[in-house]
Engineer: 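This is the structure, below, for whatever I ask next.
To find a chain, count down the sequence lines: A is the first, B the second, and so on, and within it residues start at 1.
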Amino acid sequence: MPELPEVEAIAISLRLLVARHKIRCVHVLHPIVTQPQSPDHVTRSAENHKIQSVARRGKYLFLVLDRGVIEMHFRFDGHLIWFKNAKDLLDRANRKPDGVHVDVAFELDKGVLAFTDNRHLGRVHAWESIDACLGAAKLGIDPTSNEFTQAAFAELLAGSRRPLKAFLLDQSGIAGIGNIYSCEALWHARLDPRRRADSITSADRRRLHKAIVSVLRRALECCLQPAPDFRDPDWWFRGIDDILRVYNREGQACRRDGHPIRRLAQGGRSTYFCEYCQK
DNA sequence: CGCACATCCTGTGTGC
DNA sequence: TGCACACAGGATGTGC
């Protein structure tokens, strides 16, 4: 589920918790999560290595170790949970009927960081460096960085014949935007998600650039208020629905003109928009 | 090359 | 209530 703002909020909170701590031991409880890498590869790469820092690239999260990195990607349902110690983990993890689902656990001296994903689409991998991570290497510009200039954005738009919605979801152009914030940015910019990327005017482009930046910044503020609390097994971002204007609001009145929000399928994903004010 | 589509999984909500 | 089905905030490989 998480897009750039959620992963960034996780990175910020996790950094405070784990930076400069050593990984004593790794438990891969559901090996599917390390595929196509072997559980042993991930375990050996992490054990007895110190976490120097936590980094984000697009929607990828990295534990940067004194040697190598651990990549985590949450896809739809992945998230992180904190356990007090190994005993706490054994007592509560994967115990039916209502234990906490855990796929991979990293035991530190001060507690246990667990990656969990019921749906098992998320992944935990080990690489020699962030740049060696195949997925991260293909990522485009980070829209929260100063590389995301009008000029760079204009060049990307001009080079794509795809609908704006598909253009924004393409991680190799701009990295970190997902289904929610692409819909939101297009609404704020008053642009039809079906418009071809190379068809928009410079005024359109400036509005969309501004909308992307402000939507992501607003979402990050929301994700940090309150900040993620990994100790609570039920934690998740709250209050985000309140700042959304179109996502998951089919049939509701558009906040600008009162017309009903429509849903349509684009590339197998749902797009929400107002066809009266988004042109 | 660009693009549409199926696929990987499991849980939840909806309508009959 | 039980059941079938649609759908889910993502990325990748396939075939056209």
Side-chain angles (χ1 to χ4, degrees), chain A residues 1-10 29-37 56-61 71-80 94 96-104 115-125 133-140 143 156-187 193-194 196-198 212 215-216 218-220 222-223 228 234-251 263-273:
Chain A
M1 300 148 66
E3 303 183 22
L4 186 156
E6 288 84 358
V7 181
E8 180 66 24
I10 289 171
L29 306 178
H30 288 267
I32 189 174
V33 167
T34 67
Q35 282 182 11
Q37 295 185 347
R56 177 191 62 75
R57 293 284 187 284
K59 301 170 199 168
Y60 290 79
L61 185 74
E71 165 223 331
M72 300 184 187
H73 198 297
F74 302 110
R75 296 281 182 106
F76 285 108
D77 290 343
H79 63 292
L80 298 176
N94 303 344
K96 305 210 165 161
D98 44 25
V100 183
H101 179 89
V102 173
D103 295 302
V104 181
F115 178 96
T116 102
D117 182 358
N118 281 315
R119 208 167 156 188
H120 292 152
L121 291 173
R123 287 293 180 265
V124 176
H125 295 135
C133 168
L134 295 172
K138 294 177 199 154
L139 296 175
L156 286 172
L157 284 160
S160 175
R161 303 157 58 88
R162 311 178 75 181
L164 284 170
K165 176 68 181 328
F167 169 82
L168 291 176
L169 288 180
D170 181 356
Q171 303 299 300
S172 70
I174 302 166
I177 299 173
N179 210 28
I180 291 184
Y181 300 121
S182 56
C183 292
E184 293 299 311
L186 288 166
W187 181 83
R194 298 166 294 189
R196 263 174 57 158
D198 61 3
I212 290 168
V215 160
L216 295 177
R218 176 82 183 87
L220 176 59
C222 186
C223 288
D234 296 320
W235 83 272
W236 194 246
F237 300 101
R238 302 179 210 286
I240 291 188
D241 290 353
D242 299 337
I243 66 172
L244 302 182
R245 293 294 176 254
V246 283
Y247 185 80
N248 208 17
R249 292 185 181 277
E250 183 180 18
R263 177 164 78 111
L264 72 93
Q266 284 183 293
R269 317 285 303 275
S270 287
T271 294
Y272 298 87
F273 74 116

Engineer: When rounded to the nearest Å, what value does the distance between P atoms of C:dC3 and B:dC9 take?
Structural biologist: 25 Å

Engineer: Taking atom P of C:dA8 as reference, at what distance in whole Å does atom CD of A:Gln266 sit?
Structural biologist: 13 Å

Engineer: Quickly, which of A:Cys222, A:Pro5, A:Pro228 forms a side chain to side chain contact (heavy atoms under 4.5 Å, CB included) with A:Phe237? Name it, please.
Structural biologist: A:Pro228

Engineer: To the nearest angstrom, how far is A:Trp236 atom CH2 from C:dA8 atom P?
Structural biologist: 17 Å

Engineer: Extract the stems that DNA chain C is part of, considering only consecutive pairing runs of at least three Watson-Crick or G-U wobble pairs, both distances under 3.5 Å.
Structural biologist: B:2-8 with C:10-16, B:10-16 with C:2-8

Engineer: Check every strand shown and say whether A:Ser160 touches a base, only sugar-phosphate, or nothing at a heavy-atom separation below 4.0 Å.
Structural biologist: nothing

Engineer: Sub-3.5 Å donor-acceptor pair from the side chain of A:Gln171 to the main-chain atoms of A:Gly176, do we have one?
Structural biologist: yes

Engineer: How close or far is atom P of C:dA8 from atom CG of A:Asp241, stated in whole angstroms?
Structural biologist: 14 Å

Engineer: Salt bridge or not for A:Asp117 and A:Arg75, using N-O below 4.0 Å?
Structural biologist: no

Engineer: Is there a side-chain contact between A:Leu4 and A:Arg56 in this structure, where contact means two heavy atoms from C-beta onward sitting under 4.5 Å apart?
Structural biologist: yes

Engineer: Considering all heavy atoms of both residues, which atom of A:Glu3 and which atom of A:Asn179 are nearest to each other, and what is their separation?
Structural biologist: OE2-N, 3.3 Å

Engineer: Please tell me which of the listed nucleotides, C:dA8, B:dC3, B:dT10, lies nearest to the side chain of A:His120?
Structural biologist: B:dT10

Engineer: So A:Arg162, base contact, sugar-phosphate only, or nothing? Heavy-atom distance under 4.0 Å.
Structural biologist: sugar-phosphate

Engineer: Measuring from A:Leu61:CG to A:Glu8:CD, what's the distance to the nearest 0.5 Å?
Structural biologist: 9.5 Å

Engineer: Please confirm whether the ring centroid of A:His101 lies under 6.0 Å from the ring centroid of A:His30.
Structural biologist: yes

Engineer: Going 5' to 3' along nucleotides 10-16 of chain C, which nucleotides have protein heavy atoms under 4.0 Å from the base (write B), which only from the sugar-phosphate (write S), and which from neither (write -)?
Structural biologist: BSS----

Engineer: Surrounding CZ of A:Arg249 (heavy atoms of other residues, nucleotides or ligands, distance under 6.0 Å), is the total greater than 12?
Structural biologist: yes

Engineer: Identify, between A:Gly268 and A:Gly159, the residue whose nearest nucleotide on DNA chain B lies closer to the 5' end.
Structural biologist: A:Gly159

Engineer: Taking ring pair (Phe, Tyr, Trp, His ring centres under 6.0 Å) as the test, write out the residues that go with A:Tyr181, two or more places apart.
Structural biologist: none

